[in-house]
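Structure record follows, encoded as structure tokens.
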Amino acid sequence: MVTEWKHSTVVAGVPWKNPVGTASGTFNLEACGRFFDVSEMGAISTKGVSPVPWDGNPTPRTVESPSGMVNAVGLQNPGVDHYLVDELPKLKALGALVVTNVAGHSDDDYAQVVEKLADSSADMLEINVSCPNVSHGGLSVGSDPLVLGHLIERLRPMTDKPMVVKLTPNVTDIVPIARAAVDAGADALSLINTLVGMSIDIETGKPFLGNVTGGVSGPAIKPIAVAMVWKTRQALPDIPIIGIGGIMSAEDALEHLYAGANAVEVGAAALVDPLAPLRIAHDLDILLDSRPQLAEKLRKGQTWR
Amino acid sequence: MVTEWKHSTVVAGVPWKNPVGTASGTFNLEACGRFFDVSEMGAISTKGVSPVPWDGNPTPRTVESPSGMVNAVGLQNPGVDHYLVDELPKLKALGALVVTNVAGHSDDDYAQVVEKLADSSADMLEINVSCPNVSHGGLSVGSDPLVLGHLIERLRPMTDKPMVVKLTPNVTDIVPIARAAVDAGADALSLINTLVGMSIDIETGKPFLGNVTGGVSGPAIKPIAVAMVWKTRQALPDIPIIGIGGIMSAEDALEHLYAGANAVEVGAAALVDPLAPLRIAHDLDILLDSRPQLAEKLRKGQTWR
Amino acid sequence: MITETTPTTRDCVSKGFLPTRRPALVLEKKQLDDGVFSLAVQDSYMATHARAGQFANLYLRDLSRMLPRPMGVASVHGDAVQFIFAVVGEGTQQLSGLQSGDHVDILGPLGKGFDIREGKHYLLAGGGLGVPPLIRAAQEIQSIAGAHTTAIFGYRRNHFADSIVAEYSERTLSIDESEGNVIDLLDRWESDATAAGESTDVEILSCGPNAMMKAVAQWAREHGIASQLSLEARMGCGYGTCVVCVTPTVDGLKKVCLDGPVFTAQQLGW
Amino acid sequence: MITETTPTTRDCVSKGFLPTRRPALVLEKKQLDDGVFSLAVQDSYMATHARAGQFANLYLRDLSRMLPRPMGVASVHGDAVQFIFAVVGEGTQQLSGLQSGDHVDILGPLGKGFDIREGKHYLLAGGGLGVPPLIRAAQEIQSIAGAHTTAIFGYRRNHFADSIVAEYSERTLSIDESEGNVIDLLDRWESDATAAGESTDVEILSCGPNAMMKAVAQWAREHGIASQLSLEARMGCGYGTCVVCVTPTVDGLKKVCLDGPVFTAQQLGW
Ligand SMILES: Cc1cc2nc3c(=O)[nH]c(=O)nc-3n(C[C@H](O)[C@H](O)[C@H](O)COP(=O)(O)OP(=O)(O)OC[C@H]3O[C@@H](n4cnc5c(N)ncnc54)[C@H](O)[C@@H]3O)c2cc1C
Ligand SMILES: Cc1cc2nc3c(=O)[nH]c(=O)nc-3n(C[C@H](O)[C@H](O)[C@H](O)COP(=O)(O)OP(=O)(O)OC[C@H]3O[C@@H](n4cnc5c(N)ncnc54)[C@H](O)[C@@H]3O)c2cc1C
Ligand SMILES: Cc1cc2nc3c(=O)[nH]c(=O)nc-3n(C[C@H](O)[C@H](O)[C@H](O)COP(=O)(O)O)c2cc1C
Ligand SMILES: Cc1cc2nc3c(=O)[nH]c(=O)nc-3n(C[C@H](O)[C@H](O)[C@H](O)COP(=O)(O)O)c2cc1C
Ligand code: FES
Ligand code: FES
């Protein structure tokens, strides 16, 4: 049985069969595809791809934190060329809607990846300017409106694919950053990426992670994520937003949708239950039955205000 | 029996009998003084005082979040005049070391409070430029190095008391803010205040808190707080730091101390167990026995590097 | 975090301070109605000190939900303290899973209870899960010379507390939503009393939904009867330190957890 | 979050996908030693599919600690799966409190187990809490025609697993820290075998602290013996999606949870 989804959404003109996607870095086809039919998801956002393979950070790469985890994977990935012949065609062959997450250490890195993806079968691109775990690019780009605007202006003309810009919560005010991305041509925003955090081993007095700091994700960050989605939505009434952060249940997804998101992505929850993204999609499909106004807005690509 | 503390600390030249204080807004003498001898604590940081009584925000003022809580009290307090004849003299009579937390909606507000406290019996002042729950002052002052520097330059000459500046985590980079405070004359820094967050009632689709957004505190924010203390300590090797955020146990306090704090303050933990601050102080006194290097540094007013 | 009684706790208690959060042994858990449970825990301090209208903070084992679940004391027997609660969310769901032999962390008694005096007749006007503190009021009043009570309880459906309060209260009038509300009962009580020539010199103790209590306070005012009302509020600490649970009164904002939960209608300006 | 088996889970399993995280009934919990416990849970999928060297994620009820606690499968009986674990932190402390009748969420079997073949003699070189997967290896090898095992276990103090592994392994040599280490035992085994004129054409399966396994791999190399080593690593997901648990191999970084935990000494370049 393939699910007959009752409640769909639209993100930047792209119809999603349901409002729930996987979040980048927490979905990998080889691992997750064993647990569910990837075509069932609203969307699959894949691990950040860089122009060349990256080795990531030293281990240990994660440490538990209260109702969350701190990770410092550092965008280990086999590079865009491998992605184009492996993960992407496989996902498309399975019928998935693919959001390709793009990583870089420099503007040129991002441009190289986007160029290679321009004619690919990816459905949307998600420009990750918000990874706290790489020393150049990532967070540093995503926290300066001018730098970010410049990057997106450069990338935007390189492809016809809808371009989502993924924002960091590690900023004084997310609104000018969001606005800069939109003014430069972003078709949608996704937020939030992880919050900079760390943990210290009290037996050694030394940082636990190989990379010293990492990014906090999971339920702990939910209230912060919801506030950022809300604030961005209040400032930018029309831009499509994918809400991310601490979504463990359909109820959590609803909080993001009521905050103004058009769709959501599920991250850490998928790490502790491979089926979490699909389960949340199913549960949400039921919760939306009793919320016809919200469901109607989502279906039309509008948002809750 | 009054505790013979084995391990003391020094913050901005002020000796604390142990490294654990209460955090502002979570200690109130009338309530907490029934549970323990306030003179036992390293320090008592009192609720933010404003020049005139403030009524705070509409209710509900708190909502639970995973391993945390979001509060939007909005600095309700009876004003500095009341504080000077009530809470402060009572605390001093009981033998407490008092850190008076100062709130304001404007530079003039802060100045008025500091002026009145200049000749008081308060041991230290803690300038709260980081409250996310007031529309002017608070967070807006604390997130701009220039504005903050200006304020501290004005306040600094008004009193001989050691001045602690309490920083917000809701910034892109805490280092320039910390530096601005220090350059303007701050004797110490305390961090972190709460992170902006919110929660939405999925039955109504509306924000749960009367104030819409609030501040997240509790274990959920510990990794974020530790990273901020660490980052600030790396950049400013000598400034005394009071570590705050998510401390529920002596082990958590140790994480802050190893990150570079000279002392800690306990917030949300005190709300869910009135005795938590003193229990943490006792437990830490034991844990420091087996950490003579750290204990020695604290005693001398130095920090772990 | 089931905080076993720590040296710090013992030390402070020995110096005369109030006992802090501590684990209490669950003696009994019973289901009273659909989603309504009675929980008896052993805590001699609570048992000795809890006055009607006071409450305790119950805490969950699930550390991801750290705020207290405040619960009114429903009765005391020896060193056993009884709570009666409805499952309304995840926290009360978890509490309903406690079994005898488990421990649950508690703090209390907290707040200001009902002001109860000798020789008085009290009407206990309760609605839904507002009845537990009134059961304790009936129990307390029963032990006071000359004071007596009439329980006037409104339920959603089943009259789950009638048999419990009957142990302590001479008379119980109760009603469910299909039949009417607490105000209907108050009217009935008054006409009965007047008809029987009984005194209507009573005082009302009330606990229930705000709308109900406002109506009760108004009814009392119209009949020249004093009323004390036990409020609910979202709480941060439940013991007076965080200023989260405030309610407007004629003297300004007051803390429900410390200055209340019981206020007079006058204080509230109702 | 004890996730009761959801419609989504049932639906996916019916389509032939792997079963996701699910609650398993605790059948028995026993203490084997100071701080060492055996936990048997009912899960027919695990019981049918778990190969020696594979592991399961166990999850805590305490939602504030959400990461998995990976545990090697120690044995299988019918639809019961046994784990043996030491209490080293808060999570294993909580797991040690499980009682029969409780449920614990599990995911598995996970990872690549030992490569076990017919007609071989395996030395099972285990240290401390590395022994559980080797007990399962002995059990599995016992059921394979002509294959047999010698258990070579190093303990900190008590020889808590000797009697368990004796059910499956023909011979057990064990030692504790006061007496020596696993390498001493391997030497002893070799001289015994040589003296007795037995074949030393064996393969080593090993699990334990990294330092021990490196020494075992080196010993094996020096003796021209192949070895398979089961690694530990900090994990995010435990099932291959997060790229947290990587280890360097001659073919680059590999995931311990998916490509391992078992690697050959050659793969690791040890
Ligand atoms: C002084 C006082 C006495 C009470 N006595 C009783 C009683 O005897 N029996 C009974 O059934 N209920 C009583 N309540 C209400 C009870 O505290 C809530 O039903 C309970 O906290 C709900 O917890 P939950 O986790 O199931 O709900 P959730 O909605 O999941 O709880 C989330 C948060 O909101 C708080 N919360 C939710 N509902 C309420 C509420 N109505 N009042 C205050 N906080 C709430 C919770 O404490 C928690 O912090 C009392 C409340 C107060 C303030
Ligand atoms: C493949 C594999 C198989 C294992 N099999 C066994 C076994 O059969 N018996 C046994 O006793 N132990 C085994 N372990 C180790 C076991 O997973 C840890 O002891 C356990 O996770 C500690 O949890 P804690 O909450 O008590 O410790 P904490 O230190 O409080 O845990 C904090 C975090 O660190 C992780 N962690 C801590 N120690 C380890 C470790 N040594 N390896 C991996 N993660 C760790 C925890 O999972 C958790 O995420 C195995 C580990 C791996 C990777
Ligand atoms: C292990 C891990 C790896 C991640 N890798 C990426 C990545 O490659 N690109 C990206 O944009 N976000 C990455 N993220 C961030 C998530 O996509 C998500 O934004 C964040 O975890 C918050 O959501 P959550 O609370 O649901 O996990 C990663 C998160 C985790 C936990
Ligand atoms: C209810 C509440 C009220 C607070 N009021 C103040 C305040 O008046 N002034 C201030 O500087 N910080 C205030 N804070 C912030 C705390 O002092 C502390 O910085 C923050 O809660 C993080 O620490 P925690 O995680 O230990 O709670 C308040 C926090 C809470 C929860
Ligand atoms: S709940 Fe904290 S003051 Fe009342
Ligand atoms: S732990 Fe996630 S890939 Fe191995």
Side-chain angles (χ1 to χ4, degrees), chain A residues 1-3 22 25-37 40 47 53 55-69 71-78 208-210 217-220 248-249 267-283 286, chain D residues 1-23 57-60 62-69 89-91 105-108 110-111 231-248 252-259:
Chain A
M1 166 199 94
V2 171
T3 312
T22 62
T26 62
F27 177 91
N28 163 279
L29 179 58
E30 184 191 4
C32 304
R34 300 173 297 166
F35 291 95
F36 61 93
D37 176 349
E40 288 271 51
K47 177 78 192 166
D55 259 0
N57 287 322
T59 56
R61 290 180 172 182
T62 197
V63 58
E64 200 172 48
S65 65
S67 291
M69 61 185 284
N71 94 78
V73 169
L75 290 170
Q76 181 186 334
N77 82 94
F208 193 89
L209 295 175
S217 62
M248 302 296 282
S249 67
L271 300 192
V272 298
D273 182 352
L275 215 55
L278 187 57
R279 178 173 43 76
I280 292 171
H282 279 162
D283 292 351
I286 295 166
Chain D
M1 164 174 52
I2 299 290
T3 38
E4 298 309 326
T5 312
T6 62
T8 311
T9 304
R10 286 194 298 274
D11 181 31
C12 291
V13 167
S14 78
K15 290 188 210 151
F17 289 99
L18 294 183
T20 194
R21 172 174 166 166
R22 57 203 178 267
N57 280 347
L58 304 190
Y59 302 90
L60 307 176
D62 173 358
L63 292 186
S64 73
R65 297 172 201 268
M66 57 174 219
L67 288 188
R69 269 58 186 170
E90 182 58 35
D105 271 16
I106 62 166
L107 174 70
L110 298 167
L231 302 189
E232 267 190 13
R234 298 279 162 160
M235 294 187 176
C237 65
Y239 72 92
T241 200
C242 72
V243 213
V244 152
C245 62
V246 293
T247 195
L253 293 173
K254 292 284 174 192
K255 297 172 186 170
V256 171
C257 74
L258 190 72
D259 305 313

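Every chain is numbered from 1 and lettered A, B, ... according to where its sequence line falls, protein lines coming before strand lines. Computation of the quantities below employed the complete heavy-atom set of this structure, encompassing side-chain atoms and omitting hydrogens, waters and symmetry-equivalent molecules.
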Closest contact, heavy atoms only, [X] versus [Y]:
{"X": "A:Phe35", "Y": "D:Tyr239", "value": "CE1-CD1, 3.6 Å"}
{"X": "A:Asp273", "Y": "D:Thr20", "value": "OD1-OG1, 2.5 Å"}
{"X": "A:Met69", "Y": "D:Leu67", "value": "SD-CD2, 4.0 Å"}
{"X": "D:Val244", "Y": "A:Val73", "value": "CG2-CG2, 3.7 Å"}
{"X": "A:Arg279", "Y": "D:Thr6", "value": "CD-CG2, 3.5 Å"}
{"X": "A:Pro219", "Y": "D:Met66", "value": "CD-SD, 3.6 Å"}

Chain D contact via [X] - which portion, at a heavy-atom distance below 4.5 Å:
{"X": "A:Glu30", "value": "side chain"}
{"X": "A:Ser65", "value": "backbone"}
{"X": "A:Asn77", "value": "neither"}
{"X": "A:Thr26", "value": "backbone"}

task = Mind checking the SG-CG spacing from D:Cys12 to A:Leu275? Nearest 0.5 Å is all I need.
result = 4.5 Å

Let's test your reading of the structure: which of [options] forms the most heavy-atom pairs below 4.5 Å with chain D?
{"options": "A:Pro60, A:Gly68, A:Pro66, A:Gly56", "answer": "A:Gly68"}
{"options": "A:Asp37, A:Val63, A:Leu29", "answer": "A:Asp37"}
{"options": "A:Pro274, A:Ala31, A:Gly218", "answer": "A:Pro274"}

key: N/O donor-acceptor pair under 3.5 Å between D:Arg234 side chain and A:Thr59 backbone   = no

D:Arg65 side chain vs A:Glu64 backbone, donor-acceptor pair below 3.5 Å =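 No: the side chain of D:Arg65 does not pair with the backbone of A:Glu64.
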
remark   = Cut-off 4.5 Å, heavy atoms of chain A, and the answer for D:Leu107 is side chain

ask   = By a 4.5 Å heavy-atom criterion (distance strictly below it), what part of D:Pro7 contacts chain A: side chain, backbone, both, or neither?
value =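 For D:Pro7, there is no contact with chain A at all, as no heavy atom is under 4.5 Å.
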
ask   = Tell me, do D:Leu63 and A:Met248 make a side-chain contact under 4.5 Å, heavy atoms counted?
value =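 A side-chain contact under 4.5 Å is absent here.
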
Side-chain donor-acceptor contacts of residues 252-259 of chain D below 3.5 Å, not counting sequence neighbours, with atom names and distances?
unit_1, atom_1, unit_2, atom_2, d
D:Lys255, NZ, D:Gly240, O, 2.7
D:Asp259, OD2, D:Lys255, N, 2.8

